[in-house]
Amino acid sequence: MSRTPGASAGPAVFILAAGEGTRMQSQLPKVLHKVLGRTLIEHVIDAANDLNPSQLVVVVGAHRELVEEVVSKVSPGAKIVVQEKRGGTGHAARIALESVKVSAGTPILILAGDIPLITSTTLQALLDTHVAEQNSATVLTAQIDDPEGYGRIVRDETDGILRIVEDRDATEIEREITEINSSVYVFHSTDLIDSLSKINNKNAQGEEYLTDAIGVLQSAGKRVEPVIVEDFIEILGVNDRFQLSECTALLRDRINLHWMKSGVTMIDPTTVWIDPTVSLSQDVVIYPEVALAGNTSIESGVVIGARTTLINCEVKSGASIRDSYCDGAQIGADATVGPFSYLRPGTVLEKGVKVGAYVEVKESQIGAGSKVPHLSYIGDTTIGVGTNIGAATVTVNYDGVEKHQTVIGDHVRIGSDTMLVAPLSIGDGAYTAAGSVITDDVPAGSMGVGRARQRNILGWVLRKRSGSDSARAAEKNPK
Ligand code: UD1
Ligand code: CA
């Protein structure tokens with residue numbers, strides 16, 4: 001999880017996130033769109049916080065209350081500054097700078113809030129190079145096949161950076177350049193202050209470009225160094241929904257590769273979506289079309305069958321789950337769930353429990369070895385060990401006003417189609433008759449029967465439906 005900034009003297013970090021994200025076509029600010037369960041801004045903040053920043057400043061603009069809420073949750077020590085009007089990345093960096101006291105010489109890492117795949121390893125390497133080379137500025141760049149839309153890195157004769165030119169301001173020849181600006185930089189603090197005072201907004205967008213600070217420093221004879229990122233996906237920015245989906249797929253691949261290298265089998269990794277917050281163990285097997293989200297943790301030997309979603313679930317070793325949707329459930333060792341089960345928050349299945357087809361469980365604990373194999377609803381219930389719940393049993397937990405508890409003992413046999421009207425307690429070893437509506441407690445070792453006695457009206461079909469197929473069938477074989 002995120003560390004709190006300020007713990008030791010790392011770099012100052014500025015995250016620029018005030019853009020409107022117009023191209024997202026959304027009511028939601030861009031940086032609050034999610035990639036595998038986490039907002040764009042959280043991905044970036046998490047990577048930055050790994051560097052133990054002395055200060056973390058997030059520049060927000062559009063829908064600032066919403067962004068503020070998320071930022072203060074994931075990084076309570078972060079300072080939020082508001083850019084009232086979009087003035088460009090240079091302007092945003094300047095107001096960040098003005099909001100904090102950065103001691104001279106502290107490196108300042110600046111990055112955009114819309115690059116969710118950036119890693120702390122890359123940020124640390126950039127910072128280390130910057131410090132080791134005593135640069136004025138160090139720019140993270142990338143070689144990409146389709147550089148359209150990005151700022152281009154214009155190199156000088158000695159292969160240093162001459163300047164960065166924005167796509168819209170570039171000449172035909174400059175547009176051919178395939179090395180792009182990632183929008184991740186480290187600046188020497190005083191050089192940043194100086195250079196930002198010298199940029200202007202005479203460009204295609206009428207904005208102050210942070211990228212121009214690089215040209216300013218270069219012209220002043222300062223040391224500016226480009227560092228090419230090893231894996232270009234790290235710097236991909238999200239500007240529209242298509243790029244959001246691309247980044248999500250790339251992060252999926254990165255996460256899946258990590259887990260496969262750690263001993264997880266995936267039958268079709270292109271259809272497996274695992275949040276970065278999930279933890280898996282060796283010899284977990286995952287079938288196609290699976291989503292593992294939130295704080296889900298899965299022990300070794302677990303099989304996750306096709307079309308299963310697990311959100312905030314804890315799954316113990318050897319369990320198997322197929323075609324099911326589980327949210328906030330604990331699934332015990334060697335338990336089996338599904339196909340087509342729905343486990344809701346507060347479900348605890350002990351070792352070896354079976355929950356079968358079309359069964360819904362909520363706020364209930366089911367003891368070791370007990371079974372709810374078919375078509376049932378179990379809510380607000382405690383079930384002991386070795387108990388069997390017959391098909392189509394319902395714990396009637398809601399009287400229209402309040403919820404009530406059902407307590408079922410050990411080695412109980414609930415007959416099929418039993419309505420257990422809560423509050424209710426079924427003693428150890430008790431039985432209920434199929435089709436019963438049980439409204440009173442059943443003592444241990446007893447049989448609860450709660451249904452009308454059957455009567456047969458002999459010959460009814462022959463009299464009332466004479467000439468029908470049924471009547472003819474009965475006449476043919478009257479036994
Ligand atoms: C920027 C870079 C470009 C680079 C690209 C990489 C500039 C001028 N251009 O272009 O060289 O290749 O990123 O993705 O910096 N922001 C603010 N306030 C503003 C403007 C922007 O906070 O006034 C924030 C945005 O929220 C965003 C980041 O700065 O997180 C970059 O802005 P964006 O408009 O996305 O810049 P690009 O056109 O992508
Ligand atoms: Ca961008």
Side-chain angles (χ1 to χ4, degrees), residues 13-24 26 28-33 39-45 48 57-64 66-67 71 80-97 99 110-118 137 139-144 146-154 161 163-170 174-175 177-185 187 195-196 199-216 226 228-229 232-240 242-244 246-247:
V13 176
F14 300 168
I15 298 176
L16 311 185
E20 304 206 347
T22 329
R23 286 169 281 174
M24 295 298 283
S26 178
L28 199 65
K30 175 168 81 177
V31 291
L32 296 191
H33 282 264
T39 59
L40 297 178
I41 190 88
E42 275 176 88
H43 282 283
V44 176
I45 288 177
V57 181
V58 183
V59 182
V60 300
H63 305 278
R64 62 166 172 258
L66 295 173
V67 182
V71 171
I80 294 171
V81 300
V82 178
Q83 187 186 29
E84 296 290 351
K85 208 170 127 273
R86 185 181 167 104
T89 46
H91 179 254
R94 170 146 10 88
I95 63 169
L97 199 51
S99 76
I110 303 185
L111 68 172
D114 63 354
I115 48 169
L117 302 178
I118 194 76
V139 184
L140 189 68
T141 72
Q143 283 289 355
I144 61 173
D146 179 15
E148 203 193 317
Y150 287 99
R152 309 296 205 285
I153 304 295
V154 183
I161 291 192
R163 61 195 181 94
I164 300 172
V165 62
E166 288 307 292
D167 190 67
R168 298 183 210 219
D169 302 297
E174 287 167 336
R175 283 216 177 87
I177 299 172
T178 52
E179 185 180 7
I180 58 119
N181 170 30
S182 68
S183 245
V184 181
Y185 327 76
F187 285 92
S195 57
L196 283 181
I199 62 172
N200 59 46
N201 61 2
K202 297 196 182 82
N203 51 51
Q205 292 197 87
E207 291 184 354
E208 291 178 56
Y209 290 163
L210 177 57
T211 45
D212 286 349
I214 298 297
V216 168
I228 301 180
V229 70
F232 78 92
I233 73 162
E234 285 200 33
I235 58 87
L236 293 179
V238 172
N239 298 303
D240 58 34
F242 180 66
Q243 289 171 334
L244 185 70
E246 282 184 316
C247 281

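One-based numbering, in listed order, for ligands and for the atoms of each.
The single protein non-hydrogen atom nearest to atom 28 (C) of ligand 1 is Ala112 CB, 3.7 Å, given as residue, atom name and distance. Residue, atom and distance of the protein heavy atom nearest to atom 27 (C) of ligand 1 are Leu16 O, 3.6 Å. At the shortest separation from atom 39 (O) of ligand 1 among protein heavy atoms lies Asn239 OD1, 4.2 Å. Taking atom 6 (C) of ligand 1 as the reference point, the nearest protein heavy-atom neighbour is Asn181 O, 3.4 Å. Of the protein's non-hydrogen atoms, Glu166 OE1, 2.9 Å is the one closest to atom 9 (N) of ligand 1. Nearest protein neighbour of atom 34 (O) of ligand 1, counting heavy atoms only, is Arg86 NH2, 2.9 Å. In this structure, the protein non-hydrogen atom closest to atom 22 (O) of ligand 1 is Ala18 N, 2.8 Å. Nearest protein neighbour of atom 15 (O) of ligand 1, counting heavy atoms only, is Thr89 OG1, 2.7 Å.
An N or O contact shorter than 3.5 Å links Gly151 to ligand 1 by distance. The N/O atoms of Val59, backbone and side chain alike, include none that comes under 3.5 Å of an N/O atom in ligand 1.
The contact set between ligand 1 and Ala92, taken as ligand atoms under 4.0 Å from a residue heavy atom, comprises 17 (C), 18 (N), 22 (O). Those atoms of ligand 1 with a heavy atom of Gly87 less than 4.0 angstrom away are 23 (O). Below 4.0 Å from some heavy atom of Ser183 lie the following atoms of ligand 1, by number and element: 1 (C), 2 (C), 5 (C), 6 (C), 13 (O). Which parts of ligand 1 touch Gly113 is read off a 4.0 Å heavy-atom cut-off, strictly below it: atoms 30 (O). For ligand 1, the atoms sitting less than 4.0 Å from at least one non-hydrogen atom of Asp114 are 30 (O), 35 (O), numbered in the order shown with element in parentheses. Contact atoms of ligand 1 toward Gly88: 18 (N), 19 (C), 20 (C), 23 (O) (distance under 4.0 Å to a heavy atom of the residue).
Under a 4.0 Å heavy-atom criterion, Gly19 is in contact with ligand 1.
Annotation for Ala204 and Arg168: closest pair CB-CB, 3.8 Å, computed over non-hydrogen atoms. When every heavy atom of Tyr209 is checked against every heavy atom of Ile199, the shortest pair comes out as O-CD1, 3.5 Å.
The residue from Thr39, Asp240, Leu244, Asn239 that alone fulfils the side chain to side chain contact (heavy atoms under 4.5 Å, CB included) condition with Lys30 is Asn239. Exactly one residue among Lys85, Arg86, Gln83, Glu208 makes a side chain to side chain donor-acceptor pair (under 3.5 Å) with His91. That residue is Gln83. For the side chain to side chain contact (heavy atoms under 4.5 Å, CB included) criterion with Val60, the lone passing option out of Ile41, Ile80, Ile15, Val81 is Ile80. A side chain to side chain contact (heavy atoms under 4.5 Å, CB included) with Val154 holds for exactly one of Val165, Ile164, Ile214; it is Val165.
Separating the CD1 atom in Ile118 from the NE2 atom in His43 is a distance of 13.0 Å, to the nearest 0.5 Å. Atom CG of Asp169 is separated from atom CZ of Arg175 by 8.5 Å, given to the nearest 0.5 angstrom. From Leu40, atom CG reaches atom NE2 of His33 across 8.0 Å, with rounding to the nearest 0.5 Å. Taken to the nearest 0.5 Å, the CG atom of Leu97 stands 7.5 Å off from the CD1 atom of Ile110. In this structure, CG on Leu111 lies 12.0 Å from CD1 on Ile235, to the nearest 0.5 angstrom.
Using modelled atom types, no side-chain atom of Asp212 and backbone atom of Val216 make a donor-acceptor pair closer than 3.5 Å. Between the side chain of Arg152 and the backbone N or O of Tyr150 there is at least one donor-acceptor pair closer than 3.5 Å.
A heavy-atom distance below 4.5 Å is not found between the side chains of Gln243 and Met24.
Inspection of the environment of the Ca ion (ligand 2) yields the following protein N, O or S atoms under 3.0 Å: Asp114 OD2, Asn239 OD1.
Using a 4.0 Å cut-off between heavy atoms, Gln83 contacts ligand 1 through its side chain alone, with no backbone atom that close. Contact annotation for Ile180 and ligand 1: no heavy atom of the residue comes within less than 4.0 Å of the ligand.
Under the side-chain hydrogen bond (donor to acceptor under 3.5 Å, both in side chains) criterion, Thr89 pairs with no residue at all, not counting sequence neighbours.
Atom 11 (O) of ligand 1 is flagged as protein-proximal [any protein heavy atom, distance under 4.0 Å].
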Between Leu16 and Leu210, does the side chain to side chain contact (heavy atoms under 4.5 Å, CB included) criterion hold? Intermediate values first, please.
CA-CA 11 Å; Leu16 311 185; Leu210 177 57; 4.3 Å; yes

